[in-house]
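Everything below concerns the one structure shown next.
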Amino acid sequence: MKKFYITTPLYYVNDEPHIGHAYTTILADVMTRIQKIQNNDVYFLTGTDEHGQKVQEAAIKNKTSPKEHVDIYVNRFKKVWNELDIEFDDFIRTTEKRHTDRVQDTLKMLFEKNEIYQNEYEGLYSVSEERFITEKEAEEGNFREIKRLKEKNYFFRMSKYQSKLIDHIQNNPDFIKPESRKNEILGFLKKPLNDLCISRPKERLKWGIELPFDKDYVTYVWFDALLNYISAIGWKSDDKLFDECWPADYHLMAKDILTTHCVYWPTMLMACNIKLPKTIFAHGGWLMDEMKMSKSIGNVIKPLDLAYKFGSDSLRYYLMSNMVLGQDASFTLDSFIQKYNSDLANDYGNLANRVLTLINKNFDSKIPKTFVCNEYDLKLINHAKEIPNQIINDFNNMQIHKAIDLIMQLLRSVNKYLEIKAPWKLLKSDNTKDREDASTTLNISAQVLKIGTVLLNPIMPTKTNLLLSAMGVNSCNNYSFGDLKTGTQISKLKNLFPRIEEDK
Ligand code: MSP
């Protein structure tokens, strides 16, 4: 059976992981969990890009060897992913043999097929971008450390695939998303495409995969790194896994690395006779505000620190609900606190608290029965039966912020319903009908709270799992109304989202 295969970029290990890296990785984790609650089989790959000039320079700066440098930094990424509840299936490092072997196989095969040739080339080279650039690109001013180089190098016949690539993009509307990015790439492809320089002489760069047909050269870092998407899933080493995963359903990234993924990568695959990925999705960038210091919050200076202070769920929730996929978004401490307090502490946390406390106190900690339903009960039941399909649809269409909005609306409607029905008052009455109405109200509230919690699970796995297990629910893949059986034993739960008190 085909697995839903999703990837993040392989991050450079020249720096600490930051909120931008965390965003794409959380997004991939959320999309993976969205598939899981729908009972689909998923394969989620992330990892690190460890060769090339940037890493070599970072090692020199830290006065270590590149190998020692990458071994230290890779663990920092893995540690942060663990703290953010990222559950990947595989983590690939481009220095691993399973990857370097496949890169060398590919180079050898393409060289033998005459898809790679040697040539002397003179042109402008951007040291910071590690590639040759055109005169026009240099004039546009987006490149740093430009120098003129004349060198013998190896080139991949990328230009040969230009029209085939244009056709593929035009015939497969989901290949590059969102639409604006697709148009950007089609615009780029209006100009003649050059062949791609895929080697670097060892005199200039030692830290890379040696070309199998010329030991004086290493492989250009992008030609090496892009191949991870197939080397990790067993291309030419584990046919079963490869066939289950490929073609990838989603390559996720920000728009900064669109060209390498939408032009270099598909043409490399075409030359290797491998199918192209289904969707390359580029989200926008997070724009950072200076994070203000706050007395009560402490030394929170980096957004990732918010996860350590308030739990990874709160950061995941903020990132997923505050970015419209495809557009840029701003990260500010004020909006983080505001969102946390209003959505998580007030609307969701209080609801969970209220429902569990009332059932624990008045119904012997068991999900109570339903009796006769009135119009308010039926209205909420209908809402809770209809809305999950729309939420799942939004999730599947990368409208994650919309799906979260709908879940929060559903949970808020339970809060309103409780205010109207006031079961705490009904429970004080001596009238049986009133007590039955309270029982019905709390059953329905618990059912809807459970649905909302299962649907929020991909976004906030830790807290929702705590709440589900307090509600006696062990599996996290049923969001249909009525699934929570009468009589189910529930337990007490500490406040899930304590309010963040701001400095006055
Ligand atoms: N090593 C290459 C990718 C090779 S993939 C075969 C690379 N690495 S990177 O460390 O620079 O990571 C870039 C990616 O990090 C972006 O595409 C995006 O996924 C993420 N982000 C980095 N900064 C970001 C923001 N400010 N906002 C959103 N995402 C950001 O490029």
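One-based numbering, in listed order, for ligands and for the atoms of each.
- Here the shortest heavy-atom pairing between Phe497 and Leu344 reads CD1-O, 3.6 Å.
- Gly20 CA, 3.4 Å is the protein heavy atom nearest to atom 24 (C) of ligand 1.
- Between Asp29 and Arg316, at least one side-chain nitrogen of the basic residue sits less than 4.0 Å from a carboxylate oxygen of the acidic one, meeting the salt-bridge criterion.
- The backbone N or O of Glu122 sits nowhere less than 3.5 Å from a side-chain atom of Arg148 that would complete a donor-acceptor pair.
- Counting heavy atoms closer than 4.0 Å to ligand 1, residue Asp256 contributes side-chain atoms (C-beta onward) but none from N, CA, C or O.
- The six-membered or imidazole ring of Phe156 lies away from that of Tyr264, with a centre-to-centre distance of 6.0 Å or more.
- Not one N or O on the side chain of Arg200 forms a donor-acceptor pair closer than 3.5 Å with the backbone of Gln53.
- Per-residue contacts place Ala225 under 4.0 angstrom from the following atoms of ligand 1 (heavy atoms of the residue considered): 6 (C).
- Of all the atoms in ligand 1, the ones that sit under 4.0 Å from a non-hydrogen atom of Gly285 are 27 (N), 28 (C).
- Among Asp49, Thr48, Asp15, Leu227, the residue whose heavy atom lies closest to atom 1 (N) of ligand 1 is Asp49.
- Considering backbone and side-chain atoms alike, Ala254 places an N or O below 3.5 Å from some N or O of ligand 1.
- With sequence neighbours left out, Lys206 forms a salt bridge (charged side-chain N to carboxylate O under 4.0 Å, His left out) with no residue at all.
- Side-chain N or O atoms of Asn477 include none that pairs as donor or acceptor with a backbone N or O of Gln38 at under 3.5 Å.
- Under the salt bridge (charged side-chain N to carboxylate O under 4.0 Å, His left out) criterion, Lys150 pairs with no residue, sequence neighbours left out.
- When hydrogens are left out, the protein atom nearest atom 26 (N) of ligand 1 is Trp286 O, 3.3 Å; that is the closest non-hydrogen contact.
- Interface of Gly284 with ligand 1, defined as ligand atoms under 4.0 Å from a residue heavy atom, comprises 28 (C).
- The protein non-hydrogen atom at the shortest distance from atom 3 (C) of ligand 1 is Leu10 O, 3.2 Å.
- In this structure the side chain of Leu306 never reaches within 4.5 angstrom of the side chain of Tyr318, judged on heavy atoms.
- Using a 4.0 Å cutoff on heavy atoms, Trp265 does not count as a contact of ligand 1.
- By the criterion of a heavy-atom distance under 4.0 Å, neither the backbone nor the side chain of Lys255 is placed next to ligand 1.
- Of the protein's non-hydrogen atoms, His18 CE1, 3.4 Å is the one closest to atom 23 (N) of ligand 1.
- Nearest protein heavy-atom neighbour of atom 12 (O) of ligand 1: Tyr11 CD2, 3.6 Å.
- At a threshold of 4.5 Å between non-hydrogen side-chain atoms, the residues Trp235 and Ile274 count as touching.
- Nearest protein heavy-atom contact of atom 19 (O) of ligand 1 is Thr24 OG1, 2.6 Å.
- Scanning the protein heavy atoms around atom 9 (S) of ligand 1, the nearest turns out to be Tyr12 CD1, 3.8 Å.
- Of the protein's heavy atoms, Ile257 CG2, 3.4 Å lies nearest to atom 31 (O) of ligand 1.
- Here the side chain of Thr219 pairs no donor or acceptor atom with the backbone of Leu211 at under 3.5 angstrom.
- For the pair Phe143 and Arg131, the minimum side-chain heavy-atom distance is below 4.5 Å.
- Heavy-atom distances between Tyr23 and ligand 1 stay at or above 4.0 Å for every pair.
- The shortest separation from a heavy atom of Ala282 to ligand 1 is not under 4.0 Å, leaving the residue out of contact.
- Ligand 1 is approached by His261 to a heavy-atom distance shorter than 4.0 Å.
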